[in-house]
Number of protein chains: 2
Amino acid sequence: MASNTQFAISLHVLTILAKSGDGLVKSEYIAKSVNTNAVVIRRLICNLQSADLVLSQKGATGGFRLAKHADKILLSDVYKAVVPGDAFALHRQKPSQKCPVGKNIESVLCHLQKVIDRAIDEKLVDYSLADVLESVETGQPITDLSAAA
Amino acid sequence: MASNTQFAISLHVLTILAKSGDGLVKSEYIAKSVNTNAVVIRRLICNLQSADLVLSQKGATGGFRLAKHADKILLSDVYKAVVPGDAFALHRQKPSQKCPVGKNIESVLCHLQKVIDRAIDEKLVDYSLADVLESVETGQPITDLSAAA
DNA sequence: CCATTTGTAACAAGGATAGTTACAGATGGA
DNA sequence: TCCATCTGTAACTATCCTTGTTACAAATGG
């Protein structure tokens, strides 16, 4: 179980921004919707800004908005921006180098990580934030392209 | 990151069992190779037994062995056996039901989870434990079928 | 019998994530 | 110019998850 909620919260935040168009949205408003603290939201949006997905404006009339149109923001971009690690974790302790399996298993696992990461990326590249917004607004499930084919 | 190493350790354990053929392997031996405690191994193998991947024998001459041949054990089976949750976590706190986005985002995220889980499963079904064992023994990277195609 | 091994419960330790408080810096408007 | 308001960020706490460890019952072959 991945305990990291950042991808989920990011999509929530971005959907709100997408819905708000060019208008600036305050962290306090977003926090209310997400049901958490405004600092958590600002901290998260920091990552989204580094990935050029969101812009901010400081000061009394400040807030956040998308850096580009929602159909130009792919879920694979979001995933890469906020999910740092890999699909599964490797050994905490280095395996015994005396055992022929322990000696070589790490590189195999490392390669497998990349295979899975690529599979996730190739799937998420098919969806944009605009798809998510549409799904949220219509209540219809997001189009599953693999099932459609 | 307190993330789950169970998939990685499971493949390590299963590879050792595959390499040992019909012979029984003790948890103490496996623990040495994985560089951890024998109880951790036994605890993990419990899950693998529930998934019909491993058999055990109690008593003085006991130990563990595979329940079927290594090329019949798919990595998707292993993943499902030991990775309980989903690819990413949902909100800890329920989003505000007053906000139109908060009200509907959960079902969209839930659906996305399934999409990603399916992508992982469809990728891992292409690899068997025999592939992992071969890769460990030859030192050659595991065949990447997506790249080959 | 008995040494040895699995199966399992119970608890401790470590690490990651989110929540909270506090405050500096920016900014638009009165 | 002053000030209310918002972002940016650091520091700390609380909580949860995973792993490591100890302990012991149950099984089993010799």
*What orientation do B:His12 and A:His91 show, parallel under 30°, tilted 30 to 60°, or perpendicular over 60°?*
tilted
*Those residues that, when tested against B:Ala60, pass side-chain contact (heavy atoms from CB on, under 4.5 Å) (two or more places apart)*: none
Donor-acceptor check, side chain of [X] to backbone of [Y], threshold 3.5 angstrom: yes or no?
X	Y	answer
A:Gln97	A:Pro95	yes
B:Thr15	B:Leu11	yes
A:Asp71	A:Ala130	no
B:Ser33	B:Ile30	no
A:Asp77	A:Leu74	yes

_Can you tell me which nucleotide in C:dG19, C:dG7, D:dT19 comes closest to the side chain of A:Thr36?_
C:dG19
*Of all the nucleotides listed (C:dA10, C:dT17, C:dT6), which has the minimum atom distance to the side chain of B:Ser56?*
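Out of C:dA10, C:dT17, C:dT6, the nucleotide with an atom closest to B:Ser56's side chain is C:dT6.
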Could you tell me how far apart [X] ([atom1]) and [N] ([atom2]) are, to the nearest whole angstrom?
X	N	atom1	atom2	answer
B:Leu44	D:dG20	CG	P	11 Å
B:Ile41	D:dT19	CD1	P	11 Å
B:Leu55	C:dG7	CG	P	11 Å
B:Asn37	C:dA13	CG	P	15 Å
B:Ile45	C:dG7	CD1	P	8 Å
B:Gln93	D:dC16	CD	P	10 Å
B:Leu90	C:dA18	CG	C1'	16 Å
A:Phe7	C:dT17	CZ	C1'	18 Å

If you compare every side-chain N and O of [X] against the phosphate oxygens of [N] (OP1, OP2), does one of them come in below 4.0 Å?
X	N	answer
B:Asn4	D:dT19	yes
A:Gln49	D:dT7	no
B:Gln6	D:dT19	yes

Name the pairs: protein N/O against N/O of nucleotides 24-30 of chain D, kept only if under 3.5 Å.
residue : atom : partner : partner atom : Å
D:dT28  : O2   : B:Ala60 : N            : 3.3

*Quick one: on DNA chain C, does B:Cys46 or A:Val39 contact a more 5' nucleotide (nearest heavy atom)?*
B:Cys46
*Would you jot down, in residue-number order, the residues of residues 95-103 of chain A having a non-hydrogen atom under 4.0 Å from DNA chain D?*
none
*asked:* With salt bridge (Lys or Arg N to Asp or Glu O under 4.0 Å) as the rule and sequence neighbours excluded, what pairs involving residues 20-40 of chain B come up?
replied: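 Counting only pairs at least two positions apart or across chains, no salt bridge (Lys or Arg N to Asp or Glu O under 4.0 Å) contact touches residues 20-40 of chain B.
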*Hey, what do you get for OG (A:Ser10) to CG (A:Leu75), rounding to the nearest 0.5 Å?*
11.0 Å
Using residues 43-57 of chain B as the side-chain source, report each donor-acceptor pair under 3.5 Å to any protein atom, sequence neighbours left out, with the distance given to one decimal.
residue : atom : partner : partner atom : Å
B:Gln49 : OE1  : B:Ser56 : OG           : 3.2
B:Ser50 : OG   : B:Cys46 : O            : 3.1

_Quick check: any donor-acceptor pair below 3.5 Å linking the side-chain of B:Arg43 to the base of D:dT22?_
no
*Going by number, which of residues 13-35 of chain A have a non-hydrogen atom under 4.0 Å from DNA chain C?*
none
*Evaluate the side-chain proximity of A:Phe7 to A:Val78: yes if any heavy-atom separation is below 4.5 Å, no if none is.*
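Yes, their side chains come closer than 4.5 Å.
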*Apply the test side chain to side chain contact (heavy atoms under 4.5 Å, CB included) to residues B:Thr36 and A:Gln93: give CA-CA distance (whole Å), side-chain angles for both, the deciding distance (0.1 Å), then the verdict.*
CA-CA 7 Å; B:Thr36 185; A:Gln93 314 292 336; 5.7 Å; no
